[in-house]
Amino acid sequence: MATTVKIFDTTLRDGTQGEGISLSVEDKMKIARKLDSLGVHYIEGGWPGSNNKDIEFFNRVEELELKNAKVTAFGSTRRKDTLPENDLNLNRILEVGVPVATIFGKSWDFHVHQAIQTTLEENLAMIYDSVKYLKSNGLEVIYDAEHFFDGYKNNAEYALQTIKKAEEAGADWIVLCDTNGGSMPHEISQIVTVVKQTISTPIGIHAHNDCELGVANSLSAVMAGATQVQGTINGFGERCGNANLVSVIPNLQLKLGYECIGAEQLATLSTVARYVSEIANMHLPVNQPYVGSAAFAHKGGIHVSAILRNSSTYEHITPELVGNKQRVLVSELAGQSNLVFKAQELGLDFDNDNQQTKKLIEQIKDMEHQGYQFEGADATLELLIRDAYGKLEEAFTLESLKIMVVKTADQPVVTEAIVKLKVNGETVYNAAEGNGPVNALDNALRKCLMQYYPSLQNVHLSDYKVRVLDEKDTTAAKVRVLVESTDFSSSWSTVGVSGNVIEASWDALVDSFRYALLGQSCTVVPDEHRERVGLVNH
Ligand SMILES: CC(=O)SCCNC(=O)CCNC(=O)[C@H](O)C(C)(C)COP(=O)(O)OP(=O)(O)OC[C@H]1O[C@@H](n2cnc3c(N)ncnc32)[C@H](O)[C@@H]1OP(=O)(O)O
Ligand SMILES: CC(=O)C(=O)O
């Protein structure tokens with residue numbers, strides 16, 4: 001039978017010690033709910049001795065009616081030269097009514113002397129008294145042995161004495177912390193093995209990521225006998241962060257055969273990682289293992305050719321096990337297989353020996369050489385593919401466009417665009433103002449098309465980015481414009497490249513509308529309304 005490893009999530013405590021992360025009580029409630037549905041065993045909600053926000057979280061956490069996780073409050077051992085009964089931190093843990101207390105104490109003699117400036121004996125008493133006090137009040141107690149590995153390397157005998165004190169006082173778990181994140185996996189494994197021979201209390205690991213080894217060190221500890229792993233979602237945390245549970249969990253479960261959470265819950269891992277990232281307002285790196293959007297994205301033509309034959313050729317697991325999915329990117333590194341994959345996704349019927357496929361791949365490579373980038377412009381790519389295989393009916397074509405920008409010394413700038421199109425065999429033109437040339441073009445184009453395609457009223461630009469491609473040419477440089485659009489149920493991106501920023505913007509805008517109109521039919525405008533809506537009779 002597989003050994004169970006308990007997952008202790010500290011996103012709401014150590015995670016918030018990461019630079020740039022500040023969670024409101026509402027945010028904490030939302031994340032706690034998600035963590036519970038993911039199936040973690042412990043949720044460390046904060047430090048009630050630190051601030052009122054954390055106290056409010058603990059006061060409200062019962063509202064969540066958590067099904068899987070136990071909530072735990074964090075704090076330190078009692079202050080030196082006091083009684084535990086008089087210690088604010090310990091009493092706050094009791095007051096917030098949690099079933100589990102997690103307290104940290106010093107294992108490293110250097111810290112006892114330098115950081116808390118007391119004697120080695122008093123530190124041992126602080127550990128013993130604090131654990132005993134919480135236990136005598138009926139709590140499960142997790143003792144975090146701060147800096148355990150550094151302490152052990154400096155003075156093994158003293159470090160071991162500290163955790164023996166916690167054990168004597170009745171701690172339910174002893175969690176060895178690599179607080180400065182400087183240990184190597186082989187050191188973790190050797191030291192955990194010694195600890196296993198010294199105490200009988202279950203052992204956990206709390207590893208920081210300063211050498212990018214938070215995950216590796218957690219796995220080493222488990223393989224040496226630890227049965228609890230502390231970490232955070234996406235590795236948020238103090239300095240370089242904590243062990244990333246989003247990698248720890250599937251590594252333990254899918255690679256090493258331990259049991260952490262259910263398979264159904266594991267299949268929500270990508271959603272949880274993205275959700276927590278969103279709430280914390282932190283960017284989720286595309287290449288984050290297991291859950292990033294690029295974790296199963298294939299770009300090189302050789303790779304795509306092989307995964308079309310068998311996904312395992314370039315994928316270490318089935319992406320759906322962690323709720324992710326396979327993607328194929330098209331760029332100058334693509335082969336015909338990349339296009340075959342895309343075309344199959346679009347439901348188009350063609351084979352990869354087709355001359356058109358070869359022509360299209362050459363066209364894409366040539367356009368990327370000119371500055372296009374299709375990875376970030378899925379809609380422009382789809383239009384090109386549909387066009388190449390003769391499946392694209394153009395909803396409109398441009399006859400002309402004009403832009404006027406008028407700026408006088410004492411008046412605000414005014415921008416107007418006039419657009420003339422051929423739609424449904426008819427010429428239509430419209431003028432519109434905007435707060436800049438792109439906005440004016442967007443408004444004029446929209447005015448021309450809405451009369452034929454009313455659904456466009458739901459389409460909006462959500463982002464507009466310009467990148468200069470040949471900086472050395474300064475104002476004569478080429479630019480790449482990326483436009484992101486949405487109709488509130490989906491979003492898509494388009495690209496335009498030109499030496500003229502208006503033309504590049506126009507191309508990206510037009511592609512956005514062409515994409516929005518794929519498969520839509522045109523509405524015929526009644527005769528009496530033709531002039532009002534800008535139609536010209538020839
Ligand atoms: C490894 C970790 O991540 S531990 C968690 C770190 N997280 C945080 O510090 C976030 C929350 N912290 C806070 O809100 C504040 O620091 C508080 C409320 C806890 C303490 O604030 P203050 O009373 O103003 O103290 P301050 O932060 O300046 O100094 C820390 C004090 O804790 C003491 N201390 C540190 N570790 C321990 C410990 N394990 N046991 C007992 N006391 C400790 C220090 O000796 C120092 O007290 P002293 O000045 O009397 O010697
Ligand atoms: C307890 C803790 O957060 C640490 O030692 O890193």
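Counting convention: from 1, in listed order, for ligands and their atoms alike.
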Assess the residue pair D14 and H206 against the criterion (side chain to side chain donor-acceptor pair (under 3.5 Å)); give the C-alpha distance rounded to whole Å, side-chain angles, the decisive distance to 0.1 Å, and a yes or no. CA-CA 10 Å; D14 217 340; H206 176 116; 3.1 Å; yes
N/O pairs closer than 3.5 Å, ligand 1 and protein:
unit_1, atom_1, unit_2, atom_2, d
ligand 1, 3 (O), R13, NH1, 3.4
ligand 1, 3 (O), Q17, NE2, 3.4
ligand 1, 7 (N), Q17, OE1, 3.1
ligand 1, 14 (O), S50, OG, 2.7
ligand 1, 23 (O), R79, NH2, 3.0
ligand 1, 39 (N), F104, O, 3.4
ligand 1, 40 (N), T77, O, 3.3
ligand 1, 40 (N), T77, OG1, 2.7
ligand 1, 47 (O), R79, NH1, 3.4

Assess the residue pair S24 and D27 against the criterion (side chain to side chain donor-acceptor pair (under 3.5 Å)); give the C-alpha distance rounded to whole Å, side-chain angles, the decisive distance to 0.1 Å, and a yes or no. CA-CA 5 Å; S24 65; D27 295 337; 3.1 Å; yes
Hey, does E146 come in under 3.5 Å of ligand 2, counting only N/O atoms on both sides? no
side-chain hydrogen bond (donor to acceptor under 3.5 Å, both in side chains) pairs, two or more places apart, involving residues 92-105: T72-T102
Assert yes or no for the condition that the ring centre distance of F104 to H147 is strictly below 6.0 Å. no
Heavy-atom contacts with H206 under 4.0 Å: which atoms of ligand 2 show up? List them by number with element. 2 (C), 3 (O), 4 (C), 6 (O)
I need the minimum non-hydrogen distance between P319 and Q326, along with the two atoms involved. CG-N, 3.9 Å
Side chains of D378 and Y515: is there a donor and an acceptor less than 3.5 Å apart? no
Compute whether any side-chain donor of one residue and acceptor of the other, for Y143 and S130, lie under 3.5 angstrom apart. no
Decide side chain to side chain donor-acceptor pair (under 3.5 Å) for Y158 and N123; before the verdict, give the C-alpha distance in whole Å, the side-chain angles of both, and the deciding distance to 0.1 Å. CA-CA 11 Å; Y158 185 71; N123 180 52; 3.0 Å; yes
Hey, which atoms in ligand 2 end up nearer than 4.0 Å to a heavy atom of H208? 6 (O)
So do the side chains of T227 and T4 get within less than 4.5 Å of each other, counting heavy atoms only? no
Which atoms of ligand 2 sit under 4.0 Å from any heavy atom of R13? 1 (C), 2 (C), 3 (O)
For T179, take its heavy atoms, then give the atoms of ligand 2 lying under 4.0 Å from any of them. 4 (C), 5 (O), 6 (O)
So is D144 polar-close to ligand 2, meaning N/O to N/O under 3.5 Å? no
